[in-house]
Amino acid sequence: MPFLHRTSHMLLAVAVIAGALSGAVLAQHSQHAPKAIVVDRYVTPDGTISDKRIITLSNGKIAALLPHAEIADKTGVAYYSGAVACPGLIDVRSSMGAYGNTVESAFSVDPSVSAIDSFDPDHRDFRRAVESGITAALIAPSPTNLVAGACAVVKTGGASTGRAGSVLRDDGPLVFGFGPRTWRYDRAPTSRIGAMAMLRSVLGEAKSGSQHARLQSLASGKLDAMLYCSDAMDVGTALRSVGKLAAHTSIIHTSDVYDLTEELAGTKATMIVGPYSFSMSQRTLSMAGVLASAGIDVALAGQMPTRGGHSLRQTAALAVRYGMDSAKARQAITINAAKAAGVSDRVGAIRPGMDADLVIFSGDPLRMDSRVLAVYIDGIRVYSADQHLTMSAGGQR
Amino acid sequence: MNRRLSIQTIIIALGAAFVVAPALASPPAKIALKGGRIIPVVGEDIPVGTVLIEHGKIKAVGKDVEIPYDAMVIDISGKVVMPGMIDAHSSRGLDIRNENLDVTPFLDVYDAIDPSKLYFEDALRDGVTSIHAIVGNNCVIGGLSRVIHPIGITPDEMTQQPSVSLKLSVSPQRGSDRMAQLATFRETFRELGEYLENLAEKKYEESLEKKDEKIKVGPDEAKKLGKDLIKPEDYDDKHRNLVKLTRGQLGAFVYAGRAGDVAAAASLAKEHGFFKRTTLVLGASCYKAIDEVKSANRPVVLDSKLLYREENPITGKITETFIPRVYADAGVAFSLLPSSNTSLAERYLNYQAARCVRNGVSRQAALEAITINPARALGIGDRFGSIETGKTANLVVMSGDPLDFSSWVDLVYINGIRAYERDDDIRLKQLLGEEKPEVAEPAKDEKGNGEAAGDKAAKADTDSAEDKSEETSEKAEKKKE
Amino acid sequence: MHLLAIKTRRFTSSLASGLLRRRCVSLIACSFVALNVAMAHGQLLERATVITNARIITGSGKVIEKGSIVIKGGRIEAVGAAAKAPFLSKKIAGAGKTVTPGLIDVWSALGRTGTAGDGDATSRAQDGFDRYARDDFREALRNGITTVYIGADGGAGVNGTGAVFQLAPGPGRSAGKVQKKDAALCVNFGSDQSPLSRLKTFAAIRKQFQSAVDYRTSLEDYEEDLKEYLEKLEERVKKEEGDKKDSKDAAKDEAPSDDEKPAPKPADEDDSDDDSDEEEKDDGDDDHHSLDYFFAGADNKTLPAGNGKGDAKNGKNGKDGDKKKDEDELKKPKKPAFSAVSEVVLKAIDHELPVRIEAHRSADILNALALADEFNLDIVIEGATEAYLVAVALADAEVSVILGQVGRSAVFEDTEFRRHSARNAERLTDAGVKWMISSGGRDPRASRFVGFNSQMAMPSAGTKSGLQWSWLTRLTGDASRFLSLSQQVGRVARGMEADLVIWSGDPGDPASIVERVFVGGKLAYIAPQLAGGGS
Amino acid sequence: MTFSTHHQRKTLYRCGFVQLATLAVVAIAMVSQPVRAGGGTIVVKGVTIHVGNGEVIDNGVVVIRDGRIAQVGANLAIPPGAKVIELSGGSLTPGLIDANAALEPTNRMMVDRRNARQVVADLFHGDHKDHKHEAVGCCGSKCSRQLQHASGEKCKQCGFPDTLPMAVGVRRSAMTVEHSSEVIPQTHVIDSVNLRSPDFDRLVGGGVTTVFVAPDSAAVISSQGAIVRTAGPLNARIVRETDAVMAAMGTDPSWRGFGNRQPCRQFVNFYNRRPTTRMGVAWVFRKAMYDTERFEKGAVVYGADAPTEPAMKELRHVLSGEIPLRIQARMQHDILAALRLADEFGLKFTLIEATEAHRCLDELKKAKTPVVYGPVYIDAPGMRRYSSEVDHARLHTLKELLRAGIPTALTANELRDEDGLARQAMYARRFGVSLADVTRCVTETPAKLLGIADEVGTVTSGKRADLVLWNGEPFDGSSKPIVVIAGGEIVVDRRKG
């Protein structure tokens, strides 16, 4: 994990310990912290829906996946008949819980900005996210600058308190803005050519060691990049400038990369597509499917809170209706999103050793008539449809 | 402001001198255009032949026409003579092309024609001998149109045919609401019906009054009885033209801007009894409704924008459709319009026809689209639009084939009068560097007026600020579409 | 026949021999007539289409696991496991596929041209429908939508009448057939954020209804007066005929009397009439006012009867003159000025048209209920974002609602959507309010996803109790009943119009694609994957 | 070319462009799918060949092999197995070259000018994108609405404010003009060229196979242009990534003669002023060159009007002649000013547009300044029609330039409709230039001016097979390109339609 910063290691450790402790505390309330969850089916790491499984949990982690059979000791087991267990959904394009706004426009190149600084763990957005099955989010600084700063990746619910809190990464991918959003009338650059000239010079400086540390580590391939693009041209430009330097590149672009599939297929970049709304054009809606079929890693984004909590799954459903493979769509809102955020070692898949962040759906998560029945974060149930109101007695509603 | 004024004055003065002089000269009774290629449009081309004009009419056309001893013989060997071109739908000779109200059937373009517009001079220079002056598309029911020629200093002098048609538009231009547009039509014609009933009632009552009798019947009966008592002069100004329209006594130019408007235009015309006299003025995208246009079987006037681009909703690839080709392939007779923008090419009707040929429309169909088709659409096909014996001598002599873009209009005859001669076209020569401007060189450097005036004059239709805004708004209209 | 004439003319002109010509004409005419007859009885000659062995979700809640559907003459001829394919029918293998009725969007904007106009109640949605919005239609069909209700769009106020369209292929590149004209009167309470203008909007809407009622009254009065007048007239004529000599004397006696009143009605009624005229004049188009500009100098006499309201005055003046000569019992009653707007509104008041009121805020919904109460209207609330807050009132009034898009942004919303709730439908269900789901009537592109929207809107109770097709039923059988089209569309049943969608799998699964769509028995859409393979 | 080293040196990031292209597959053809000729031989026969240098070969045959012209002549023997294209009454010209094509460098602006804006709106607020914005789709003609939008009017439907970083009217220059400085030779127009733009399809459909993509003229010393091919595989499209710095005289750098303002239509004030007069423009140009010279000598350059360091690094090469210079000037006195300034710094340049060149023929001839003339107009398009810059426009300018023996290429510049450059050539013919001369103006001469004459520009054996087959005489109103061959491949084929 070369990209993990030391501080985040520490935070991680804290989170894990906290999780473990709270797990212990809540162990008596097996309802809230079961030792096993029995579901009819579950979403596998490759995106398919497999047969019946028991998911055993231990210390906030997934301990094992057992075949469906009678369990001898039924205490502390949560049964969800007919339900589908899915890894907690991840929104990789979000400004959730931002305290104040994330637009900082003083400088067009400002790598020192950190999204974590605007993070408000008590924000109501997180509660809404949890109710929609979103258990982790990447919070990005607004990409209105050429170099906009570092992202943060957080969990939307806390194991013990119900607050969002456990920070998966505070020094996430560095955000670059391309396209018209970064051009302003009151400061350079004002145009695409100006932006490109500036970027060339900034990256040149980074390589020669005369730029901010983040840019330097990006230029030396030690940091991920998150590139916000407006049109296909930007994607090409972004790939050719920043993309080839960064450790891993995620490109956020929704409308129009038809012509670039070949080029993208040659890179290891993740394309972040979405959110999709009902009003979007056929061309846009087909985007995710086209990219995924070309073998490109696609993550779908819901853009909470600009969009509601339904947005992430709606995006996936629309992508599937417009040609995306179902398994790939499930991956796109779980493991691929985790990869784009650089946290795929922790979340995004139901696999032993991963954080026990689970959503129990009444059916296939891609179906819009499936409901969220329960949500677990770090093995603790933080939401239950049955006890919609009693859960809130915890004081967080 | 001063400067503009002076420019305008000069332009008008120059324009008047230029346009009027030939018009006023009394023409020789007999003219023979001899030795040129004749494109009569109706009938075969005559490689070398003579057109004989007598008292403003075409007396004879053919290879071996006997030229009377007293005819003025003009040798046009090596040149081409064709019928004067006809602009089937133009608002450019009007001061303002649209009235501010929706329903104005009582208006007549007669009152809006501005003979001093440079447009007329340009039209002449471009070989257009008849212009259907009509209000713009931004109306529900516009006013009466008329066919004019581009010479003369009063609208009366210019008129070839008054009261040609009433302008109607089923496409919303003013707002963006077609529902309101069609509702206005409904209300207008309903009100017309009510008016006619009331008028009948009133006439009946009047007739009784004359006979000093008292009313014997109820209103409903009176309306029936009075129907035949109405005389044409009884209609008021507001309704007169509508009555004529619904009785087929007037033509109708119905503008349909989008494909979906074609059916609405046809059914409107059918419903109110003027379908047989309807000409469809179609916007670019209307070619999609070609089936409906074809089954309507009415004359069609196409927008000057001949190329339609469409983007594939998925791939984004652009397909181009050459619009006249669609109509030609469907066997629909269409008329072309010159572009009202000042493009150096598309403002020539013969260039528009050349574009058609370039894109696979037959030469004959293309030539008809700028001559006889518009004449027929305007109901003047018996007098104009082709070189045939007995027709009005509206002729254009070109230096070469009309569809060759390097051909120039050399001579224009209107009613047998020589209305234009390229050798005398000072402005053209100036633009081509063939002649120095008449205004002395130093004067213009000081004021910047003299030559500027000359130049500006040559620019089609940019003589005043009004015109500019007009064109701008027209562009906006097109954009909207 | 018109076409025939043209064809004949063309053909004949190219023939030389007169005899031959005559023969040919008759031959062509005969064949043409024969063809026409054949076409009229197309049903007889048309091959039936049969979808075999498919899972059929009928739209009324039932599921036939393995059944066939016979389509003939644009209608469903037979449905069920026992349905037999007629001789020579085209077969579509339905094994593994699911057939549903075409989905119905009961509040859509598909194919609507333009944006908010300045129309009034006389606007008709069918006039605004763009039959050449082909890409949009194709998209809708691709998602199984075959029928849409389009409202007469407009700003706040009474906007005109909506219509129902079937996305049937039309001539050339067009599509869309009007299935039901004037399906409802559209009223919009406005999306303006200012509360003050909402007040004004409501007042204006109420006034339109009130004017219509007044208009009705004045018409009735007129009819009565007319009747009386005609009776008297008849009497006089009889009298005159019997006594012709006297009539001349009577004419001499005739003298204008100054204190005559123009109308025979009681004075107060007369006043109220005048008032309503005045009001209407104010509400009417500006055009009539502006026209005065053109006719400013014109004498009333040259305008014996102008249009609309101007008329009435002229007529009145003229009649006043007449009356002076006439005897008082023979005053011709004055016909109230025609009001196109009121004519439409009256239909709503007479229950010929349901009234759809777009209202989002709870206060607006209550206002709508009050309006319905006052004028005894059949109303439906469109949008109803805050309906859950006034669910009890809605249930008491037995007013149903049409919900729009369920998923909305958590922030950045317009005022009227501000308090939207994803559980709106659930709470309405609990309160016993009938509701329909739609695409929200604003966005032409949203219409195609009304299926997803319905899935999202369903209360979670729906999925639990095994009613997994309730979202589909809501968009088919329920929707057609709602639009009073239950005998035409919305169900897979014998005699219904053949609006059918063949899905590759479960319609609720986004991975299922629509393979074929039949509208009115015609193949309106075929998936590109299949189009290559023919049929 | 002399400055190839320079190009190699500076392609740090954009060599990726070539990488991109190697990966990309071309699927661009407006009229028909490109027919891959492979390595096969194509023969065009029975056509009148307008070689491009004035020669005409009747009943000519062209043999194309391996993307190159193998043989040209009258009545040549046809190699067996060759794909034969025959068009009776047709004629053949070299692929046309536009030496100053001002591309609008977004992807699909030809269809929808809203695109870039939509994309932006989409990113912020997806639903908003598809709402119909009356004012957004326009350019130039609805200024008042634009102003309202720029001032923050909300979308009627979704309430999303229409104020975006970029106002409508300046979209084009927002792509190609950097407003942060008046001297921006360090920027490259290629950065905003979208090789997949339908623009290129249209160009190639009109017979244009090579273009110099010109920077916008809104900066005094603007960006560096590029030479690109309009068809063929993407990896072979770029002929030269950077070529020639463009400068402008006259009113364009002061916002097209409308007084200076910021991109968002804010009027300039004391704090952000840019040149507002011709004097100012000349001053900025002179100062930039002067400062560069001083900077070269090690002097410290400062002050508000001083060019930036990256700019001076490029200007150095302009002064040394390593990077060619183009100066756009329309009016007589602007042309004279350009000549004066060039003389002052010992610069050679190519004059662009040159509307009033007929008024300073002697000076141009004396300075041996080549001209890229065009477009022909007597009434300018867009905003310019309201300025006085077109008062002296004449229709015979090209004829005069050619008569004076000044090397002149013809350009369509921004006027690009159905037939673009071919239409310009058509005008030229109508206004008195012979067919041979016109052909040369759009083929051989621009090739020479761009320094690519050994590759393209004439129908000569050994050159790249960029050819246009016309269904009649070229540049005639009723003929158009029927077949376009680029690099030996048929990229447009309209023989069936």
Considering all heavy atoms of both residues, which atom of [X] and which atom of [Y] are nearest to each other, and what is their separation?
X: C:Leu230; Y: B:Gly218; value: CD2-CA, 3.1 Å
X: C:Tyr229; Y: B:Val217; value: OH-O, 4.4 Å
X: B:Pro219; Y: C:Tyr222; value: CG-OH, 4.3 Å
X: B:Met179; Y: C:Asp127; value: CA-CB, 3.9 Å
X: B:Lys216; Y: C:Val237; value: O-CG2, 3.5 Å
X: C:Pro171; Y: B:Asp291; value: C-OD2, 3.9 Å

Ignoring hydrogens and geometry, is there a side-chain-to-backbone donor-acceptor pair from B:Arg178 to C:Phe129 under 3.5 Å?
yes
Has C:Arg131 got a side-chain atom pairing as donor or acceptor with B:Ala263's backbone, closer than 3.5 angstrom?
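Not at all, since once roles are kept as given, no pair shorter than 3.5 Å links the two residues.
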What distance do [X] atom [atom1] and [Y] atom [atom2] have between them, rounded to the nearest 0.5 Å?
X: C:Arg134; Y: B:Lys288; atom1: CZ; atom2: NZ; answer: 7.5 Å
X: B:Thr184; Y: C:Asp120; atom1: OG1; atom2: CG; answer: 8.0 Å
X: C:Asp130; Y: B:Arg258; atom1: CG; atom2: CZ; answer: 5.0 Å

So do the side chains of C:Ser123 and B:Leu182 get within less than 4.5 Å of each other, counting heavy atoms only?
no
Answer yes or no: is there a side-chain heavy-atom contact under 4.5 Å between C:Lys335 and B:Glu194?
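Result no, sub-4.5 Å side-chain heavy-atom pair not found.
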Is the number of heavy atoms from other residues, nucleotides or ligands under 6.0 Å of C:Glu234 CD greater than 12?
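Result for CD/C:Glu234: open.
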Counting only non-hydrogen atoms closer than 4.5 Å, does B:Phe185 touch chain C with its backbone (N, CA, C, O), its side chain (CB onward), both, or neither?
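Neither; nothing under 4.5 Å.
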Region of B:Ala259 that comes under 4.5 Å of a non-hydrogen atom in chain C:
both
